[in-house]
Amino acid sequence: MKSLRSIALLLFLVAHAVAGDIPPGFTSLIAGSDLVGWQDATTAAEHWKVQGGELINDGKGADLATAKSYRNFELRLEWKIPAKGDSGVYLPGGQQVQIWAKESGSGGFVFNHKYAVSPAAVADTPLGEWNAFVIRLIDSKVTVTLNGQVVMQDVPVEKGVEPPLLGPVEGPLRLQKSPHNVMTAFRNVFIREL
């Protein structure tokens, strides 16, 4: 089963982005070797670095937010966490697509440190290996694909949050720094507006 998952991930990654190749119609959110395109780039650079095409957080500092606001989009990104890893992608309006090292897997909505919407399947690769998200937000409905497998489909962005978040809204995306102060890495971070 693990070998099938590894083959599926490899095929998915090759089809969607080969080491920095920007898919047609997408824009890269990692530009060169600095944090151009992200809010408070100078302050963020104390704990977020671009090295070898990877966006790496040392487990300290604040979340990293895009300078540009988005409403309807497709976001593709790869991520890697170690044991006890915990991160996420915050959507406009504040809902979080979770990345974490738990048996319940990544890709659902988290509120108050637990899943408000659990992923439909566990599709994570082993800790320390790259995973690939495709996150689509269209008119307040979110679909998340993890390593080629749909783990959440057409879920209202406000689901599971008290008080409910309002959607659709326009705003920045945020990459979460680990609340457990461990390293998180991202690469091939591409977005296209829909």
Side-chain angles (χ1 to χ4, degrees), residues 17 20 27-70 73 75-119 123-135 137 142 144-147 151-152 157 160-161 165 169-191:
T27 301
S28 178
L29 294 180
I30 301 177
S33 59
D34 58 27
L35 298 176
V36 168
W38 298 91
Q39 293 179 17
D40 303 318
T42 303
T43 303
E46 294 174 21
H47 300 288
W48 289 87
K49 306 278 185 239
V50 178
Q51 297 175 325
E54 295 179 15
L55 181 57
I56 302 168
N57 174 256
D58 63 8
K60 300 176 184 161
D63 295 347
L64 189 64
T66 58
K68 185 174 178 177
S69 290
Y70 299 93
F73 60 86
L75 175 69
R76 297 181 183 179
L77 73 153
E78 295 173 39
W79 53 268
K80 178 171 61 173
I81 57 173
K84 298 185 181 178
D86 182 349
S87 185
V89 178
Y90 283 95
L91 305 175
Q95 185 61 277
Q96 180 186 11
V97 176
Q98 184 65 32
I99 296 170
W100 60 15
K102 292 189 176 183
E103 289 181 9
S104 53
S106 300
F109 283 160
V110 167
F111 178 71
N112 221 9
H113 306 290
K114 63 182 180 184
Y115 269 127
V117 178
S118 297
D124 304 62
T125 62
L127 294 172
E129 293 183 17
W130 288 102
N131 289 272
F133 266 158
V134 176
I135 301 170
L137 175 61
V142 180
V144 177
T145 304
L146 174 57
N147 299 325
V151 295
M152 189 168 60
V157 73
V161 179
L165 297 174
V169 298
E170 184 171 309
L173 302 173
R174 286 189 358 239
L175 301 178
Q176 182 188 30
K177 76 96 179 169
S178 172
H180 303 296
N181 300 321
V182 297
M183 183 277 302
T184 304
F186 299 91
R187 70 179 182 190
N188 293 327
V189 182
F190 306 118
I191 194 164

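Contact record, Val117 with Met152: CG1-SD, 3.6 Å, taken as the closest heavy-atom pair. When all heavy atoms of Lys177 and Gly59 are compared, the closest pair comes out as NZ-O, 3.5 Å. What you find for Pro82 and Leu127 is that their closest heavy atoms are O-CD2, 3.9 Å. Taking every heavy atom of both residues into account, Pro119 and Gly107 meet most closely at CB-C, 4.5 Å. Nearest approach of Pro172 to Ala65, heavy atoms of both residues: CB-CB, 4.4 Å. Taking each heavy atom of Ala123 and Val151 in turn, the nearest pair found is CB-CG1, 4.2 Å.
By the side-chain hydrogen bond (donor to acceptor under 3.5 Å, both in side chains) test, Tyr90 pairs with Gln96, sequence neighbours left out.
Between the side chains of Asn147 and Asn131, at least one donor N or O lies within less than 3.5 Å of an accepting N or O. For the residue pair Ser178/Asp86, the side-chain donor-acceptor check at 3.5 Å is not satisfied. No hydrogens or angles considered: a donor-acceptor pair under 3.5 Å links the side chains of Glu78 and Asn188.
Considering Leu77, Val50, Thr184 as possible partners of Leu55, the one that fulfils the side chain to side chain contact (heavy atoms under 4.5 Å, CB included) test is Val50.
To the nearest 0.5 angstrom, Thr145 atom OG1 is 10.0 Å from Arg76 atom CZ. Note: Leu137 CG to Gln95 CD = 10.5 Å, rounded to the nearest 0.5 Å. Atom CZ of residue Arg187 and atom CD of residue Gln51 lie 14.5 Å apart, to the nearest 0.5 angstrom.
Side-chain atoms of Val134 and Val144, non-hydrogen and from C-beta on, never get closer than 4.5 Å to each other. Between Ser87 and Leu175 there is no side-chain heavy-atom pair separated by less than 4.5 Å.
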Side-chain atoms of residues 29-46: list all donor-acceptor pairs with protein atoms under 3.5 Å, sequence neighbours left out, distances to 0.1 Å.
| residue | atom | partner | partner atom | Å |
| --- | --- | --- | --- | --- |
| Asp34 | OD1 | Val36 | N | 3.2 |
| Trp38 | NE1 | Leu29 | O | 2.8 |
| Gln39 | NE2 | Thr66 | O | 3.0 |

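In this structure, Asn57 contributes its side chain and Met183 its backbone to no donor-acceptor pair below 3.5 Å. Listed for the Glu54 side chain is no donor-acceptor partner under 3.5 Å among the backbone atoms of Phe186. For Trp48 (side chain) and Ala62 (main-chain N/O), a donor-acceptor pair under 3.5 Å exists by modelled atom type.
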Begin with the C-alpha distance, continue with both residues' side-chain angles, and end with the deciding distance and a verdict on side-chain contact (heavy atoms from CB on, under 4.5 Å) for Val189 and Phe133.
CA-CA 10 Å; Val189 182; Phe133 266 158; over 6 Å; no

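Aromatic ring centres of Trp100 and Tyr115 lie closer together than 6.0 Å.
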